[in-house]
Amino acid sequence: EQGFWEWDLQQQRMQVSARFETMLGYQPGEMDVRPDNWPQLVHPEDFAAVHQSLEQHLQGLAPLHEVEFRARCKDGCWRWVLTRGKVVTRTPDGAPLQLAGTHSDIQQRRHNEETLRLAELMFAGSYDGMMLVDAENRIIRVNPAFCRITGYSAAEVEGKSPRILSSGLHEKGFYQQMWHQLQQHGFWRGEIINKRKDGTVYTEMLSISVVRDADGKIRQYIGIF
């Protein structure tokens, strides 16, 4: 979603498109978009960045006014918006007269970024070992707990098969049953005896989940132990 805005610097009058207003839950023409009211519309934590971006552009230090901020919705909640704009009219001596630009709704993108950030924190900080394996059964990534438990560094296992951890103490049928369960149900959980880098064996409780794409094709496996 995208709305448009114009700002007359001489008259200190701003206009926004109806799309921007409805993006924030207002009816067209309902928002008070006077420049002196913007401190009420922009999140306090973001206002300084918005002001700095605008001033840098007006002073000729940046080619665009471009910044992400949280805008207050009619119901009082905050919605992430990306604004881009530039001076479109100047006086004969180059002083800015009018700016114009867009407001884009980036709420979903920011939500996705935050979800990924939290997932990354969980992956890195988990006490459980975690292993991400691709559809060709190659280790893509491991977390610090994996390295602590197995004795392998990430560089030593990434690109390798998880069989690098095999203790050799399970019969072939054990692994056949595991893969059958994964293919049929997308999940397997059980005890498995693996071997550390130094050769010592240990028993772990392992959970493996299948990650499929929109077409149902297996993309990855996630192992947690």
Side-chain angles (χ1 to χ4, degrees), residues 1-3 19-20 22-25 41-53 62 64-73 75-85 101-162 164-165 178 181-183 185-189 194 204-225:
E1 292 186 67
Q2 192 171 75
R19 191 71 205 92
F20 177 61
T22 57
M23 186 191 305
L24 300 179
L41 299 175
V42 177
H43 196 285
E45 294 178 6
D46 304 328
F47 190 80
V50 173
H51 180 73
Q52 181 182 29
S53 173
L64 288 174
H65 163 50
E66 182 174 1
V67 66
E68 297 178 3
F69 68 94
R70 284 161 288 185
R72 187 189 295 274
C73 298
D75 63 6
C77 70
W78 299 99
R79 192 166 194 85
W80 279 102
V81 171
L82 166 64
T83 186
R84 288 192 179 104
T102 60
H103 285 126
S104 302
D105 184 349
I106 59 168
Q107 179 72 13
Q108 188 60 50
R109 196 202 81 197
R110 292 292 300 226
H111 173 74
N112 293 343
E113 290 173 352
E114 180 64 11
T115 299
L116 287 173
R117 188 186 71 84
L118 292 174
E120 180 64 26
L121 288 173
M122 291 175 62
F123 185 84
S126 174
Y127 187 76
D128 293 324
M130 294 186 180
M131 175 172 54
L132 190 63
V133 179
D134 67 16
E136 284 70 47
N137 205 32
R138 294 183 300 244
I139 297 173
I140 303 171
R141 195 174 174 204
V142 297
N143 72 339
F146 173 99
C147 300
R148 173 179 55 80
I149 294 169
T150 67
Y152 287 100
S153 69
E156 290 174 312
V157 298
E158 289 173 358
K160 305 280 180 56
S161 166
I164 194 173
L165 302 174
M178 174 196 294
Q181 179 99 357
L182 283 169
Q183 297 296 322
H185 304 290
F187 182 79
W188 181 87
R189 178 178 174 85
N194 275 340
E204 68 184 46
M205 178 61 73
L206 173 65
S207 299
I208 307 176
S209 300
V210 174
V211 179
R212 299 180 185 271
D213 61 20
D215 297 322
K217 183 179 178 181
I218 294 176
R219 304 297 298 181
Q220 296 165 342
Y221 301 92
I222 300 174
I224 302 176
F225 63 93

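Heavy atoms only: backbone and side chains are in, while hydrogens, waters and symmetry mates are out.
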Does atom CZ of R148 have more than 12 heavy-atom neighbours from other groups under 6.0 Å away?
-> yes
Step-by-step side-chain contact (heavy atoms from CB on, under 4.5 Å) determination, L165 to F146 | CA-CA 11 Å; L165 302 174; F146 173 99; 3.8 Å; yes
OG-CZ distance between S53 and R84, expressed to the nearest 0.5 angstrom = 11.0 Å
Identify the two heavy atoms, one from H65 and one from V50, that lie closest to each other, and give their separation to 0.1 Å.
-> CE1-O, 3.7 Å
Check: T115 side chain, H111 main-chain N or O, donor-acceptor pair, under 3.5 Å | yes
At what distance, to the nearest 0.5 angstrom, does CG of L132 lie from CZ of R219?
-> 12.0 Å
Measuring from L41:CG to F69:CZ, what's the distance to the nearest 0.5 Å?
-> 8.5 Å
Residues two or more places apart in sequence or in another chain: which of them pass side-chain contact (heavy atoms from CB on, under 4.5 Å) with I149?
-> Y202, F225
Would you name the heavy atoms of W78 and C73 that are closest together and state the gap between them?
-> C-SG, 4.5 Å
Nearest non-hydrogen partners of D105 and M23, listed with the distance = CB-SD, 3.6 Å
Taking NZ, NE, NH1 and NH2 as the nitrogens, is one of them in R117 or E114 under 4.0 Å from a carboxylate oxygen of the other?
-> yes
Run the side-chain contact (heavy atoms from CB on, under 4.5 Å) check on T83 and F20 step by step: do they pass?
-> CA-CA 11 Å; T83 186; F20 177 61; over 6 Å; no
Find the distance between NE2 (H43) and CZ (R72) and round it off to the nearest 0.5 Å.
-> 8.0 Å
Here the gap from N143 atom CG to E120 atom CD, rounded to the nearest 0.5 Å, amounts to 9.5 Å
Taking every non-hydrogen atom, the tightest pair across I139 and V142 = CG2-CG1, 3.7 Å
Taking all atoms of both residues into account, what is the closest heavy-atom pair of L182 and W188, and its distance?
-> CD2-N, 3.8 Å
Taking all non-hydrogen atoms of both residues, which atom of E156 and which atom of G151 are closest, and how far apart?
-> OE1-O, 4.2 Å
List the steps, then state whether side-chain contact (heavy atoms from CB on, under 4.5 Å) holds for I218 with Q183.
-> CA-CA 9 Å; I218 294 176; Q183 297 296 322; 3.7 Å; yes
Does R138 come within less than 4.0 Å of D134, counting only side-chain N to carboxylate O?
-> yes
Side-chain atoms of residues 123-130: list all donor-acceptor pairs with protein atoms under 3.5 Å, sequence neighbours left out, distances to 0.1 Å.
residue : atom : partner : partner atom : Å
S126    : OG   : D128    : N            : 3.0
S126    : OG   : D128    : O            : 3.3

Is the CE atom of M205 crowded by more than 12 outside heavy atoms at less than 6.0 Å?
-> yes
Short question: side chain of Q107, backbone of W80 - any donor-acceptor pair under 3.5 Å?
-> yes
Atom pair CG/OG of N137 and S161 - distance to nearest 0.5 Å | 4.5 Å
Chi angles and distances behind the side-chain contact (heavy atoms from CB on, under 4.5 Å) call for R70, R110 | CA-CA 10 Å; R70 284 161 288 185; R110 292 292 300 226; over 6 Å; no
